[in-house]
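Data block below; observations after.
These numbers were taken from a predicted model, which means no experiment stands behind them. Throughout, numbering of the chain's residues begins at 1 and tracks the sequence.
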Amino acid sequence: MKNSSYPPVRKVNNKQSRSVPHIVGSFYSSKMKNVIHYESLSECYFYFFLDLNPNVQAFYPQPVEIKIPTKNKEGESGFWLHVPDVLVRWEDQTYPTLFQVKYEILEDKRQVLINKYCELYSAKQNWNYKVVDIVNIPKVIMKNIKFLHSNRKERSYFKSLVGDIISKVNSEGVITIENLLNMLEDSHEKLMVLPAIYYLIANGSLWVDLKKNINRESEVAIGSIIEQLNILEENRYSENYEFEN
């Protein structure tokens with residue numbers, strides 16, 4: 001898996017949606033150096049989390065096809081193909097994780113069947129398998145994740161600002177973004193410092209409370225938002241199943 005790449009096995013589209021249309025879109029992943037496609041807001045926010053998370057080495061949407069056995073009305077055996085949402089490789093884990101991303105987890109017969117065979121497939125690959133439930137994540141956290149993801153890109157002039165920003169925050173301990181801007185205004189233009197602060201939060205150098213809207217009144221400190229981000233990966237469902245070989 002270390003040097004493996006998993007190109008999408010199918011194109012993201014609206015064709016499988018009937019009563020509720022999918023929300024299809026894409027964004028550029030700085031981690032993967034590629035355009036990532038999604039077909040729901042749940043997927044989109046989870047991919048943002050993966051892109052922001054420094055513990056994620058790589059992630060591969062729509063990575064594999066898994067055969068789900070079935071029988072028709074005449075009792076004849078067959079199968080249909082299911083494509084899980086994303087395969088994630090971690091910095092601190094030997095084995096990757098295959099994820100299904102859901103707005104909420106509904107344990108209907110179809111989903112239980114999907115989970116069984118996805119977990120069986122994962123076990124054969126030495127992968128973990130998990131289902132992520134997005135519905136219980138506070139909306140303000142999701143909004144902040146989207147905002148921070150849009151501020152991941154480094155600008156050339158940031159290098160002249162980062163040292164001063166970190167030094168001031170380190171000396172103050174905890175400080176509002178507005179006060180930090182005021183402390184630096186003699187040597188730097190506020191409109192240039194603000195995106196650099198957001199960049200440092202998004203890239204793991206500054207802490208901010210994700211449970212509150214990020215703005216100039218937000219308090220920052222030396223640290224990382226990674227523990228707060230992990231609420232997305234921790235809000236999950238996983239069950240071990242017994243299989244017939």
With sequence neighbours left out, the residues meeting side chain to side chain donor-acceptor pair (under 3.5 Å) with Asn34 are none
For Asn213, the side chain to side chain donor-acceptor pair (under 3.5 Å) test, sequence neighbours excluded, returns none
So OG of Ser160 and CZ of Arg155: to nearest 0.5 Å the spacing works out to 12.5 Å
Find the distance between CG (Leu52) and CG (Leu148) and round it off to the nearest 0.5 Å. 6.5 Å
Least distance between heavy atoms, Asn126 atom then Pro96 atom: O-CD, 4.2 Å
Any donor-acceptor N/O pair, [X] side chain to [Y] backbone, under 3.5 Å:
X: Asn203; Y: Tyr199; answer: yes
X: Asp51; Y: Tyr47; answer: no
X: Asp209; Y: Ser218; answer: no
X: Glu43; Y: Glu39; answer: yes

Before giving the answer on ring pair (Phe, Tyr, Trp, His ring centres under 6.0 Å), spell out for Phe46 and Tyr38 the whole-Å C-alpha distance, their side-chain angles and the decisive distance to 0.1 Å. CA-CA 10 Å; Phe46 191 66; Tyr38 58 86; over 10 Å; no
Can you sort out the partners of His149 under ring pair (Phe, Tyr, Trp, His ring centres under 6.0 Å), two or more places apart, ordered by chain and number? Phe27, Phe48
Hydrogens and angles aside, do Trp90 and Thr97 bring a side-chain donor and acceptor to less than 3.5 Å of each other? yes
What I'd like to find out is whether the side chain of Ile68 reaches to under 4.5 Å of the side chain of Trp80, using heavy atoms alone. yes
